[in-house]
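All figures in this text were calculated on a predicted structure; none of them were measured in a lab. Below, chains carry the letters A, B, ... as their sequence lines are ordered, and counting in each starts from 1.
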2 protein chains.
Amino acid sequence: MAAPDGTVGKAMDVLERVASYGGPVRFADLLSEGGYPKATLYRLLQVLVNQRLLTIDRATGKYELGVRLVRLAHQAWSQASLAPLARPHLEHLAQVTGQAVHLAQLDGGQVLYLDKLNPAQPVEMFSAIGRVGPAYCTGVGKAMLAFLPGEALESALSQQSFHRFTPATLDRAGLLAEHEAIRREGVAWDRQEHEPGITCLAAPVLSDAGRVLGAVSITSAGGGEALLAAHTGIVKDTAGAIARDAAAWRFPEQSKLNVAE
Amino acid sequence: MAAPDGTVGKAMDVLERVASYGGPVRFADLLSEGGYPKATLYRLLQVLVNQRLLTIDRATGKYELGVRLVRLAHQAWSQASLAPLARPHLEHLAQVTGQAVHLAQLDGGQVLYLDKLNPAQPVEMFSAIGRVGPAYCTGVGKAMLAFLPGEALESALSQQSFHRFTPATLDRAGLLAEHEAIRREGVAWDRQEHEPGITCLAAPVLSDAGRVLGAVSITSAGGGEALLAAHTGIVKDTAGAIARDAAAWRFPEQSKLNVAE
DNA sequence: CATTAGGTTCCATTTATCGAAACCAAGTTT
DNA sequence: AAACTTGGTTTCGATAAATGGAACCTAATG
């Protein structure tokens with residue numbers, strides 16, 4: 001499945017299977033599910049356990065994801081994503097609009113949520129961070145896709161399933177038809193295309209070179225499209241502010257030079 | 001470094017190096033830092049980028065952690081850790097005691113924080129989840145170590161650095177000397193052994209079979225030891241409640257059988 | 001223009017991976 | 001209780017893959 005990339009690729013594939021299983025898995029389940037011959041699968045699992053990417057419960061013989069992943073993710077989140085530096089801007093956006101705010105990046109053709117603020121129920125947090133969603137029918141997803149250069153867009157589109165979640169969900173053609181407008185307006189709408197009753201307004205976070213870094217959105221549960229439309233300005237401003245901070249962050253590039261030697 | 005575990009182990013090692021670098025790294029930095037010959041390192045990095053465990057900024061040629069890790073961690077956190085089911089108990093504990101509450105697990109000899117609640121400043125959250133700390137001088141760490149069976153304890157101890165953070169920090173002998181008392185009392189103290197002024201009271205989360213699943217703690221910044229001592233009961237109760245929930249969670253074992261075919 | 005530092009590709013050698021089959025340990029069935 | 005499953009672990013020769021020294025590209029830099 002996908003690009004095996006040698007042993008490492010296979011190991012990651014197995015890891016992914018365990019993850020998508022959603023709970024403790026036995027050896028036999030993974031074996032039947034396809035892919036790898038017994039001995040191979042066995043060794044791959046052993047390596048993954050050794051690396052603490054998986055855990056095995058000696059008693060039941062079931063495999064689970066290892067918490068080492070949580071540690072790595074913490075580092076990824078805090079040093080490689082927009083999240084930490086976007087946080088203050090998101091808080092401002094949430095406060096001004098009073099709506100739920102999302103920050104997302106593209107990952108393998110999907111939208112991956114890196115932060116979420118919900119003025120209504122302040123403590124939820126992590127349950128949302130790391131979650132993924134479809135790119136073709138969410139505000140953040142559409143905002144990012146519309147600004148992707150040809151090749152990258154093609155690659156991203158090839159990974160979309162275009163499942164029809166609601167009557168308003170777009171297909172490939174419909175999605176592409178919107179791109180020009182999104183680029184012109186600088187914002188993307190999700191008008192109940194993913195979940196009935198849920199409307200989002202999103203803006204892309206673009207680097208000065210025009211590269212897509214991520215996207216922010218505000219969400220309304222009541223469906224009030226006009227309500228969100230009134231905030232178009234601040235949504236775009238927030239995305240812009242994040243982009244500016246991101247650029248400023250890169251340039252000084254704290255000198256790692258004089259560390260060695 | 002450590003157990004190479006074939007190609008996968010090396011790849012993980014490289015990933016870890018990028019992570020511990022704390023920011024964008026160039027190829028040459030990783031190369032000089034040791035370990036792998038040019039061509040090998042090059043190919044390892046390529047594979048990691050393909051797998052989206054790393055990102056490379058084409059412009060600067062620097063490597064960073066990939067957000068795919070965040071997605072995997074979300075799944076690990078929500079399906080393989082105590083965190084989701086512990087949350088309500090932690091909230092209760094935080095509310096009753098008014099202190100900062102931590103939930104942790106052991107990972108590779110270190111303490112890994114899986115959740116944190118801070119009544120004072122409610123929005124901090126993720127910045128703490130995934131963070132690691134020393135096992136030998138934190139409340140949660142000591143609580144877990146004391147209940148580890150011989151072999152596992154030995155392995156964990158061998159990974160401790162026993163750096164002396166404060167005048168109160170214990171060495172190996174001092175740590176072991178406390179174990180009996182911790183087992184008897186069911187709680188472990190960190191009396192400013194990690195950070196001056198910070199005191200913790202922790203209790204281990206143990207399965208019915210006595211296996212160490214994790215630990216919870218309450219923290220006082222003022223140093224008020226008596227203040228925390230008054231909450232000994234509820235800290236132990238919270239750990240117990242989490243353990244009970246964890247046991248209940250495993251047994252029903254939602255039948256995955258009738259999914260295939 | 002020459003030199004160097006930083007990356008990328010080649011290719012013969014070595015090594016780890018592959019996977020069929022044998023094996024083992026518990027349960028089940030007859 | 002003997003025969004038969006079911007689920008997991010180990011062996012081992014053939015095979016494919018990772019290895020790494022060296023050659024090879026670029027840009028920058030002197």
Side-chain angles (χ1 to χ4, degrees), chain A residues 1-18 21 23-51 53-64 209 250-251 253 255-261, chain B residues 1-18 21 23-51 53-64 250 253 255-261:
Chain A
M1 223 160 257
D5 254 335
T7 316
V8 178
K10 286 171 200 158
M12 288 306 299
D13 180 40
V14 171
L15 187 65
E16 204 69 60
R17 285 169 191 238
V18 174
Y21 200 86
V25 210
R26 276 170 321 167
F27 179 85
D29 294 325
L30 293 167
L31 183 61
S32 67
E33 165 175 327
Y36 310 95
K38 239 183 183 183
T40 304
L41 179 63
Y42 182 69
R43 265 175 298 100
L44 285 173
L45 287 169
Q46 283 208 134
V47 169
L48 289 169
V49 169
N50 268 342
Q51 293 295 320
L53 298 174
L54 289 182
T55 328
I56 179 162
D57 185 335
R58 280 293 157 203
T60 65
K62 295 192 172 179
Y63 294 91
E64 287 185 302
R250 312 261 143 170
F251 273 118
E253 195 56 76
S255 50
K256 283 270 156 68
L257 305 172
N258 35 18
V259 171
E261 296 259 340
Chain B
M1 226 158 258
D5 256 337
T7 316
V8 178
K10 287 172 200 159
M12 289 306 297
D13 181 41
V14 171
L15 186 65
E16 204 69 59
R17 284 168 192 239
V18 174
Y21 201 87
V25 209
R26 273 168 321 152
F27 180 86
D29 295 325
L30 292 167
L31 183 62
S32 66
E33 163 176 330
Y36 310 93
K38 235 184 185 183
T40 303
L41 180 63
Y42 182 70
R43 266 173 297 103
L44 284 174
L45 287 169
Q46 283 207 136
V47 169
L48 288 169
V49 169
N50 269 341
Q51 293 296 319
L53 297 175
L54 290 180
T55 328
I56 180 161
D57 185 335
R58 279 292 156 204
T60 65
K62 294 193 173 179
Y63 294 90
E64 285 186 303
R250 311 260 143 169
E253 196 56 76
S255 50
K256 285 263 155 72
L257 307 171
N258 37 17
V259 172
E261 296 265 334

Legend entry - Pairwise distance CD(E64(B)) to OG1(T55(B)) - rounded to 0.5 angstrom: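 So the gap between those two atoms works out to 6.0 Å.
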Legend entry - Spacing of CG belonging to L53(A) relative to CE belonging to M12(A), to within rounding of 0.5 Å: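 Between L53(A) CG and M12(A) CE, I get 7.5 Å after rounding to 0.5 Å.
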Inset, instruction - Look at all strands and tell whether A28(B) reaches a base, only sugar-phosphate, or nothing, counting heavy atoms closer than 4.0 Å. - result: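 If one applies the 4.0 Å heavy-atom cut-off, A28(B) turns out to touch the sugar-phosphate alone, with no base involved.
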Inset, instruction - Please name the pair of heavy atoms, one in G9(B) and one in Q51(A), separated by the smallest distance, quoted to 0.1 Å. - result: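 Of all heavy-atom pairs spanning G9(B) and Q51(A), the closest is CA-NE2, 3.4 Å.
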Legend entry - Considering all heavy atoms, the nearest F27(A)-Y42(A) contact: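 The pair with the smallest heavy-atom distance is CE1-CA, 3.7 Å.
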Legend entry - Identified side-chain contact (heavy atoms from CB on, under 4.5 Å) counterpart of K10(A) within the set L44(A), L15(A), V47(A):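 The single option meeting the side-chain contact (heavy atoms from CB on, under 4.5 Å) with K10(A) is L44(A).
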Legend entry - Test applied, side-chain contact (heavy atoms from CB on, under 4.5 Å); reference residue, Y36(A); option that passes from L41(A), L31(A), L45(A):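 Filter result, single survivor: L41(A).
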Inset, instruction - Sequence neighbours left out, what passes side-chain contact (heavy atoms from CB on, under 4.5 Å) with I56(A)? Give chain and number order. - result: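 I56(A) satisfies side-chain contact (heavy atoms from CB on, under 4.5 Å) with V49(A), R58(A), Y63(A) once adjacent residues are dropped.
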Legend entry - Boundaries of the chain B footprint along DNA chain C (any atom under 4.0 Å from a heavy atom):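 Terminal contacting nucleotides, 5' to 3': dG7(C) to dT17(C).
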Legend entry - DNA chain D: 5'-most and 3'-most nucleotides touching chain B, 4.0 angstrom heavy-atom criterion: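 Terminal contacting nucleotides, 5' to 3': dA18(D) to dG21(D).
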Inset, instruction - Kindly indicate, with the supporting measurements, whether the criterion side chain to side chain contact (heavy atoms under 4.5 Å, CB included) is fulfilled by L30(B) and R17(B). - result: CA-CA 8 Å; L30(B) 292 167; R17(B) 284 168 192 239; 4.2 Å; yes
